[in-house]
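Since the structure comes first, as structure tokens, the remarks are kept for the end.
Residues take their numbers from the sequence shown, with the count starting at 1.
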Amino acid sequence: MLSKEAFKIGLKKLNAEYANKGFIMSKDRVTQWYGYMCGMSQTEFNARIDYVLKTCSYSPCIADILKAKVNVRRKDIEDMIL
């Protein structure tokens with residue numbers, strides 16, 4: 001599960017890059033985004049944020065992060081396969 005601290009760090013990265021392109025996070029928006037992302041691992045979240053930072057030239061929305069193409073293996077699924 002994604003910690004609130006890791007989530008805040010990711011938002012700070014997005015804000016640093018996209019603040020001058022209209023990226024604004026209200027309290028309600030932060031709560032909504034975290035609700036959609038709280039089930040991610042920190043590794044997956046960081047990979048998605050990095051992907052968006054590298055590929056998105058406009059202010060991202062939540063869909064851009066959720067649709068980010070990342071390859072993160074989940075340990076619990078790997079254990080079931082083995």
Quiz item: Which distance, rounded to the nearest 0.5 Å, do you find between the CZ of F23 and the CG of L14?
Solution: 4.5 Å

Practice problem: Give, for atom OG1 of T31 and atom CE of M25, the distance between the pair rounded to the nearest 0.5 Å. | Solution: 9.0 Å

Exercise. Might you point out which heavy atoms bring S59 and G22 nearest each other, and give the distance in Å?
Key: OG-C, 3.7 Å

Quiz prompt | Heavy-atom pair with the smallest gap, counting every atom of Y51 and A68 | solution = CD2-CB, 3.4 Å

Quiz item: Is atom NZ of K21 surrounded by more than 12 heavy atoms (other residues, nucleotides or ligands) closer than 6.0 Å?
Solution: yes

Quiz item: For the hydrophobic clusters of this structure (ILVMFWY residues joined by side-chain heavy atoms under 4.5 Å, transitively), does one cluster hold both L11 and F45?
Solution: yes

Practice problem: Supply the atom-to-atom distance C61 SG to R29 CZ, rounded to the nearest 0.5 angstrom. | Solution: 7.5 Å

Quiz item: So if you build clusters from Ile, Leu, Val, Met, Phe, Trp, Tyr with side-chain heavy-atom gaps below 4.5 Å, do I65 and M1 land together?
Solution: yes

Quiz item: Is R48 positioned over the aromatic face of F7, cation under 6.0 angstrom from the ring centre and no more than 45 degrees off axis?
Solution: no

Quiz item: Under 4.5 Å between side-chain heavy atoms, hopping through other hydrophobics if needed: is there a path connecting L53 to I9?
Solution: no

Practice problem: Can you sort out the partners of D64 under side-chain hydrogen bond (donor to acceptor under 3.5 Å, both in side chains), two or more places apart, ordered by chain and number? | Solution: Y58

Self-check item: Co-membership, hydrophobic cluster, residues L66 and V52, 4.5 Å side-chain
Solution: yes

Quiz item: In Å and rounded to the nearest 0.5 Å, what is the CD to SG distance from E17 to C56?
Solution: 9.5 Å

Self-check item: K8 side, atom NZ; N15 side, atom CG - distance, nearest 0.5 Å
Solution: 14.0 Å

Quiz item: At their closest point, which heavy atom of L2 faces which heavy atom of Q42, and how far apart are they?
Solution: CD1-CA, 3.9 Å

Quiz item: Going from CD1 on I62 to OH on Y36, what distance comes out if it is rounded to the nearest 0.5 angstrom?
Solution: 6.5 Å

